[in-house]
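Data first, discussion second: the structure below is written as structure tokens.
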Amino acid sequence: MALSRKQYRYFLKDSVRLTIDFNQTDQSKGLAPPPVEKPFSADSRSIDLISPDHWKEILTIDLLSAIKNRQSHRQFTSESLTLEEVSFLLWTTQGIRERASEFTAFRTVPSAGCRHALETYLCVLNVTGLEQGIYRYLPLEHQLLVVSQQKNVSARITAAALNQSFVGKSAVTFLWTTIPYRMEWRYDIAAHKVIALDAGHACQNLYLSCAAIKAGTCAVAAYDQDLMDDLLGVDGEDEFTIYLAPVGKI
Ligand SMILES: Cc1cc2nc3c(=O)[nH]c(=O)nc-3n(C[C@H](O)[C@H](O)[C@H](O)COP(=O)(O)O)c2cc1C
């Protein structure tokens, strides 16, 4: 049954909080907290990223001009991005700044209750040293996990982005999925609005960080849900795509 506009507007309000018995959330009931990062098997292949202490080519730019000049870019040059640049963009959008405990990690972006219910995937098309394909950021390890390496990934992501052709012409696309339970464990049905808010923080950091590597990006929220989830290899229920942003040199 289709929801009404009134119901969708309700989603944006915090009135839902009054309907929740916070003594009955999974956290209050003593259920184990979900891991801060999606687990991966020990035999997965991963690639070390470059840590903040070792960045050489990242410019120090003035925050005011980065904000003043921020705009969406849908045209990119054919220049590739380096692994250092990709490392920088991953860290500024979802990197860990302090591991407070096994189940709490502060990141470079804020998150409701520090629950951080996002995962970051990359669709790599033109990054020096990386084969084309889908990768997942491991913020705790500051590594990239190889999800799938495939040759036709540009065509697939373009189709999944409803034929917005600039997506398939990027050097790399950042894709944010959510694992909603990470937020629901504490906030139950008040989780979903704040997950969407959190995705905005990551994407805005991407916009501003792109300015430091002479790159551009464009937020994209119009896509085919099933095709995009399929491309990333996520189940579409307990984890699904919510936002993406292609990046390229400008
Ligand atoms: C939540 C959100 C979703 C968006 N989705 C798309 C999209 O699917 N395709 C697109 O070309 N631009 C998309 N944009 C980019 C907007 O069109 C763009 O931000 C707007 O036109 C203002 O331009 P500016 O970012 O250069 O200021 C989106 C932006 C936001 C914040």
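Read the numbers this way: they start at 1 and go in the same order the structure lists the ligands and their atoms.
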Under-4.0 Å heavy-atom contact with ligand 1, by part of C218 that carries it: side chain
Closest approach of any protein heavy atom to atom 23 (O) of ligand 1, naming residue and atom: S72 OG, 4.1 Å
CA sep, side-chain torsions, deciding dist, call: K56, E84, salt bridge (charged side-chain N to carboxylate O under 4.0 Å, His left out): CA-CA 8 Å; K56 293 197 180 76; E84 178 182 284; 5.9 Å; no
Test: R182 and E37 ion pair at under 4.0 Å: no
Polar side chain donor-acceptor pair, S51 to D53, under 3.5 angstrom: no
Residue, atom name and distance, where the atom is the protein heavy atom closest to atom 12 (N) of ligand 1: R74 NH2, 3.2 Å
Sidechain-backbone polar pair: Q132 side chain, L125 backbone, donor-acceptor under 3.5 Å: yes
Check: F166 ring centroid to H73 ring centroid under 6.0 Å: no
Atom indices of ligand 1, in the order listed, that fall short of 4.0 Å to a heavy atom of F166: 11 (O)
Between Y207 and S72: side-chain donor-acceptor atoms closer than 3.5 Å: yes
Nearest non-hydrogen protein atom, atom 5 (N) of ligand 1: A221 N, 3.1 Å
Under 4.0 Å to a heavy atom of A222 - the qualifying atoms of ligand 1, by number: 8 (O)
Closest approach of any protein heavy atom to atom 31 (C) of ligand 1, naming residue and atom: Y243 OH, 3.5 Å
Minimum-distance protein heavy atom relative to atom 10 (C) of ligand 1: Q164 OE1, 3.5 Å
Side chains of T241 and D229, donor plus acceptor under 3.5 Å: yes
Presence of salt bridge, E184 and R115, under 4.0 angstrom: no
Sub-4.0 Å protein heavy atom next to atom 20 (C) of ligand 1: no
Atoms of ligand 1 close to Q71 [distance to a heavy atom under 4.0 angstrom, numbered from 1]: 26 (O)
contact_flag R70 ligand 1 heavy-atom lt 4.0 Å: yes
Atom 4 (C) of ligand 1: the protein heavy-atom neighbour that sits closest, reported with distance to 0.1 Å: A219 O, 3.5 Å
